[in-house]
Amino acid sequence: MPSVRFRLNGVELDVDADPDRSLLDILRGQLGVTGPHFGCGAGECGACNVIVGDRAVTACDTPLWSVADKDVTTIEGLGTSERPHPLQRAFIAEQALQCGYCVSGILMSAAALLRRNPSPTSREVKEALDRNLCRCGSHQRMVRAVLRAAEEMAAG
Amino acid sequence: MNSLNILSGGAAQGLVGSLTQAFKAQTGFDIAGEFGAVGLMADKLRKGASADIVILTAALLARLAEEKLVVAASIADVGLVETALAVRAGDPPVTVRDAVGLREAILASDAVFVPDTKASTAGIHVANVLQQLGISDQAADRLRIFPNGATAMRELAASDARRPIGCTQSTEIISTKGVTLSGSLPPGCELATMYTAGITTAAAHPQQAQELIGLLTGADQREQRKRAGFVS
Ligand code: FES
Ligand code: FES
């Protein structure tokens, strides 16, 4: 079985698996990293979003081979209950989630946005989250939460 | 003989050409494919042209990833390319310091060689700048429009006009014999475009495509990118 090497949340890994399998499948199955969720399985909803390098991508249609030698960040690498990321704090403060199913993917899209654009406008946040679906309809609060996190991060 | 199929903006042709031998030594593969206006290359992919790798503007590649034609995780920045002015080799350079100078240089020229003004990055930009300078109509009869920058520059080199100039991506000017780079566009009219590479979702040779992306973006090739006209 061929092996693919990449860094997951800062830890170097060698994964023995068919390189054509989806990254989501490997993360949730073989590696037990269940933060990225399975929604549509077709690259349409963003529930499975992770960051590869500095871009948010849908893990369900990302072949394992395409992350070779790259940095993959999942929600598990963003923050912890003890030390939440400013985005996670802001989502709680703004009560920006209902069922929460979409949120790990949305947080990864937002984190990728804030890495390349630390002070986005509301329109830029909406554009960055445009491809993330939330069936609970929490979008407006989520946009507010991302803007709040950006302010908090700018204030240091 | 195996070859890797590429669809690329003309801006990356010189760089890809300079890496062909190293790529062959590394993989045993040749590079085949097409270089042209980015919009046309994207449409070819959309229409089902077989390609393993595409090198296009960052914005266009992001769109192709959304359309699921390119693997998003494979996308990597190659570098920034400036849109610049060119003259025939041997002609005095045109140096423009500001928008007024650019307006004068265009109006003093009897033939302005540019790529496709609807589908190429530099051509679309030239059309916008002419509008911004208020000389779209005046300049229309002197515009010489070609499908891509490389052709426009070859035609500039062969031109028998009195005072021809060209405007396209600096990389295409540098890689064409018979024309000379004559400076960037002035402040307010300038354009620097990020080119990125990505592997198609239908790639027949993703591993080799990955190796080419490694060469295109690798720290060891920084000097080669600079020589080809990439500014970062
Ligand atoms: S589960 Fe990946 S985009 Fe929906
Ligand atoms: S909070 Fe329920 S799907 Fe978004």
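Labels below follow one simple rule: chain letters A, B, ... track the order of the sequence lines, proteins then strands, and each chain is numbered from 1. Atom set for the values below is all heavy atoms of this structure, side chains included, hydrogens, waters and symmetry mates excluded.
Remark: E127(A) engages R123(A) in a salt bridge, criterion side-chain N to carboxylate O under 4.0 Å. In summary, K24(B) and D30(B) engage in a salt bridge, as defined by a charged side-chain N under 4.0 Å from a carboxylate O.
Of the two parts of A76(B), only the backbone, made up of N, CA, C and O, holds a non-hydrogen atom closer than 4.5 Å to a non-hydrogen atom of chain A. Residue contact with chain B, scored on non-hydrogen atoms closer than 4.5 Å, is absent for D54(A). Contact of Q207(B) with chain A is not made at all, since no heavy-atom distance falls under 4.5 Å.
F113(B) and F146(B) have parallel rings, their planes meeting at less than 30° on a 0 to 90° scale where 60° marks the start of perpendicular.
Looking only at distances, a side-chain donor or acceptor of S120(B) sits under 3.5 Å from a matching main-chain atom of G123(B).
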